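All values derive from a computational prediction rather than experimental measurement. Counting begins at 1 with the first residue of the sequence.
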Amino acid sequence: MTMSVPERKSGSEGKEEESEDESEILEESPCGRWQKRKEQVSQGNVPGVESASLAMDTEEGVEVVWNEVLFSDKKVFKAQEEKIKEMFENLMQVEHPNIVKFHKYWLDMKETQARVIFITEYMSSGSLKQFLKKTKKNHKTMNVKAWKRWCTQILSALNYLHSCDPPIIHGNLTCDTIFIQHNGLIKIGSVWHRLFVNVFPDASVHSKGRQHRDEQRNLHFFAPEYGAGEDDYSIDIFSFGICALEMAVLEIQANGDSAVSKEAIVNAGQSLEDPLMREFTQSCLRHDANLRPTAHDLLFHRVLFEVHSLKLLAAHCLINNQYLLPENCVEEKTKSFDPNAVMAEIRHDDRPGVQLKYSHVSPLELDKFLEDVKNGIYPLMNFATSRPHPVPRALSLSQEQVETVKTPTPEPQETETRKVIQMQCNLESNEEGTKTHLSLFLKMDDKLHRQLSCDIFPTDTPKDLASELVHYAFINEEDSEKVAAFLEDSISRHRVRALAAGSNQ
């Protein structure tokens with residue numbers, strides 16, 4: 001979703017007013033986790049969104065955005081209720097480190113009107129447009145490395161959306177719908193703008209949302225063929241090309257309040273000193289949509305492509321298999337190393353060799369790098385195969401399976417999306433060897449961890465035990481396979497060790 005940083009008053013007076021008024025809790029979600037506050041944020045270009053307020057996530061202790069769509073005609077709402085629920089179920093399936101997170105939604109039925117309330121991630125550092133304006137105001141130029149890193153992150157998100165099955169077309173990519181965090185992480189918002197346009201037509205929504213398509217200052221972000229027929233990925237590539245150009249030159253000049261002209265875009269492109277950057281942006285802005293490259297192709301363009309370092313490859317491997325490793329394993333491992341020990345050496349016949357010692361690597365820098373990789377700042381795209389992502393579960397549901405809202409403020413039935421980031425299994429056999437006590441600890445990404453325990457007997461097969469435990473763990477399908485394999489392996493290994501110990505005695 002799209003949002004910008006709310007204006008806050010400076011000085012002690014502003015702080016007092018914020019603490020007294022804006023932090024006042026106006027409403028709570030049915031589950032009590034989300035608390036709506038008085039302070040408003042600008043939600044700009046999402047059609048139909050009546051209001052957007054700051055809210056508190058009481059479980060994580062972070063600020064989020066509380067969005068509301070109002071329906072004054074309950075009959076119109078009832079007619080579209082199933083379609084609305086299907087759309088929001090789809091929203092909850094979209095998950096990528098460079099896409100603004102959609103957390104939760106619920107429906108609220110009252111006598112006079114109906115509401116759809118949904119919670120989105122709050123991008124506190126503001127939009128890319130705001131950042132570029134500040135950079136230009138300070139008479140600074142864009143760092144080329146930062147430009148390449150940001151382009152890669154945006155393309156990583158677009159490649160994810162376009163490789164879904166069916167493909168998701170953003171349709172509203174501008175510098176106002178791209179956000180930058182304090183750590184350099186880029187996220188794109190307003191991902192489901194086109195769905196909102198279709199599901200919330202102006203006639204059925206209490207408040208008419210003004211779309212960016214109608215704003216003169218952003219017309220140049222939209223491809224020439226936009227809205228003329230069936231849109232495909234090429235309209236997003238055109239918009240990305242304008243964003244990449246604006247990131248490079250900081251601003252494409254317009255005449256007053258009028259739209260940016262084609263001539264201004266051409267002049268901005270010609271002003272780029274790097275011929276590869278010029279070629280890169282021009283390929284995105286081709287008039288013929290069929291000639292524009294895909295997001296995956298652009299990741300391999302000479303201006304962005306680089307052979308990933310072994311350090312980055314290792315970091316991604318560590319992050320992807322974190323659930324197999326004990327907590328703080330990197331910190332504990334680095335403590336055990338001799339700082340003067342040589343971990344790598346390059347030898348030359350004609351000159352002195354190069355030695356890399358453990359003391360040359362700062363544990364703090366390594367921790368920060370791993371955190372940045374985990375957050376999505378350095379996506380590993382150059383070796384990724386372009387494969388379709390699975391269809392969101394809501395798309396495969398029949399009308400009979402969709403949950404019906406029966407209470408005034410219910411929340412739809414949850415599908416498990418939380419991930420297992422670490423798992424531990426402990427097995428202890430009794431002295432007689434007649435049974436073994438198994439304890440399974442699952443560390444979840446939402447910090448609501450799970451622990452299961454049971455007694456197992458020699459006649460129980462590892463595969464059946466693993467399947468039964470995973471069933472009661474209630475975790476997502478992808479993690480279920482990993483946990484089952486981990487359990488089966490742990491039980492088998494324990495039994496082998498027990499047999500070996502028995503034979504030695």
Task: Qualifying residue, where the test is side-chain hydrogen bond (donor to acceptor under 3.5 Å, both in side chains) with Lys78 and the options are Glu82, Glu81, Gln80 - done: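 For Lys78, the side-chain hydrogen bond (donor to acceptor under 3.5 Å, both in side chains) test succeeds with only one of Glu82, Glu81, Gln80, which is Glu81.
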
TODO: Identify which one of Asp236, Asp232, Thr294 satisfies the side-chain hydrogen bond (donor to acceptor under 3.5 Å, both in side chains) criterion when paired with His162.
DONE: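 So, applying the side-chain hydrogen bond (donor to acceptor under 3.5 Å, both in side chains) to His162 and each of Asp236, Asp232, Thr294, only Asp236 qualifies.
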
For the atom pair [atom1] ([X]) and [atom2] ([Y]), what is the distance rounded to the nearest 0.5 Å?
{"X": "Ile237", "Y": "Ile242", "atom1": "CD1", "atom2": "CD1", "value": "12.5 Å"}
{"X": "Leu185", "Y": "Tyr378", "atom1": "CG", "atom2": "OH", "value": "11.0 Å"}
{"X": "Arg33", "Y": "Glu28", "atom1": "CZ", "atom2": "CD", "value": "13.0 Å"}
{"X": "Ile169", "Y": "Leu158", "atom1": "CD1", "atom2": "CG", "value": "9.5 Å"}
{"X": "Arg37", "Y": "Trp66", "atom1": "CZ", "atom2": "CH2", "value": "13.0 Å"}
{"X": "Lys101", "Y": "Glu121", "atom1": "NZ", "atom2": "CD", "value": "9.0 Å"}

Under the 3.5 angstrom rule, does the side chain of [X] hit a backbone N or O of [Y] as a donor-acceptor pair?
{"X": "Asn426", "Y": "Ser439", "result": "no"}
{"X": "His96", "Y": "Lys187", "result": "no"}
{"X": "Asn375", "Y": "Ile377", "result": "no"}
{"X": "Asn98", "Y": "Ile186", "result": "yes"}
{"X": "Tyr233", "Y": "Asn159", "result": "no"}
{"X": "Ser156", "Y": "Thr152", "result": "no"}
{"X": "Arg292", "Y": "Arg286", "result": "yes"}
{"X": "Trp106", "Y": "Ile117", "result": "no"}
{"X": "Asn67", "Y": "Ile119", "result": "no"}

Minimum-distance pair of heavy atoms, taken over all atoms of [X] and [Y]:
{"X": "Ala157", "Y": "Ile99", "value": "CB-CG1, 3.8 Å"}
{"X": "Phe221", "Y": "Cys243", "value": "CE2-SG, 3.6 Å"}
{"X": "Phe179", "Y": "Asp176", "value": "CZ-O, 3.8 Å"}
{"X": "His103", "Y": "Met92", "value": "O-CE, 3.3 Å"}

Heavy-atom side-chain contact between [X] and [Y] under 4.5 Å:
{"X": "Leu438", "Y": "Cys425", "answer": "yes"}
{"X": "Phe238", "Y": "Glu225", "answer": "no"}
{"X": "Cys151", "Y": "Leu304", "answer": "yes"}
{"X": "Phe88", "Y": "Val116", "answer": "yes"}
{"X": "Val420", "Y": "Lys482", "answer": "no"}

Open item on the list: Using a strict threshold of under 4.0 Å (side-chain N to carboxylate O), is an ion pair present between Glu59 and Lys104?
Closed with: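 Result for this pair is no, no salt bridge flagged.
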
Open item on the list: I'd like to know if Glu371 pairs up with Lys368 as an ion pair, taking the criterion as any Lys NZ or Arg NE/NH1/NH2 lying under 4.0 Å from an Asp or Glu carboxylate oxygen.
Closed with: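 Result for this pair is no, no salt bridge flagged.
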
Open item on the list: If only side-chain N and O atoms count, and only distance matters, is there a donor-acceptor pair under 3.5 Å linking His220 with Glu246?
Closed with: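 Yes, a side-chain donor-acceptor pair sits under 3.5 Å.
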
- [ ] Determine the interplanar angle of the Trp150 and Phe131 rings, folded into 0 to 90°, and report it as parallel if under 30°, tilted if 30 to 60°, perpendicular if over 60°.
- [x]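 Answer is perpendicular, since the angle exceeds 60°.
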
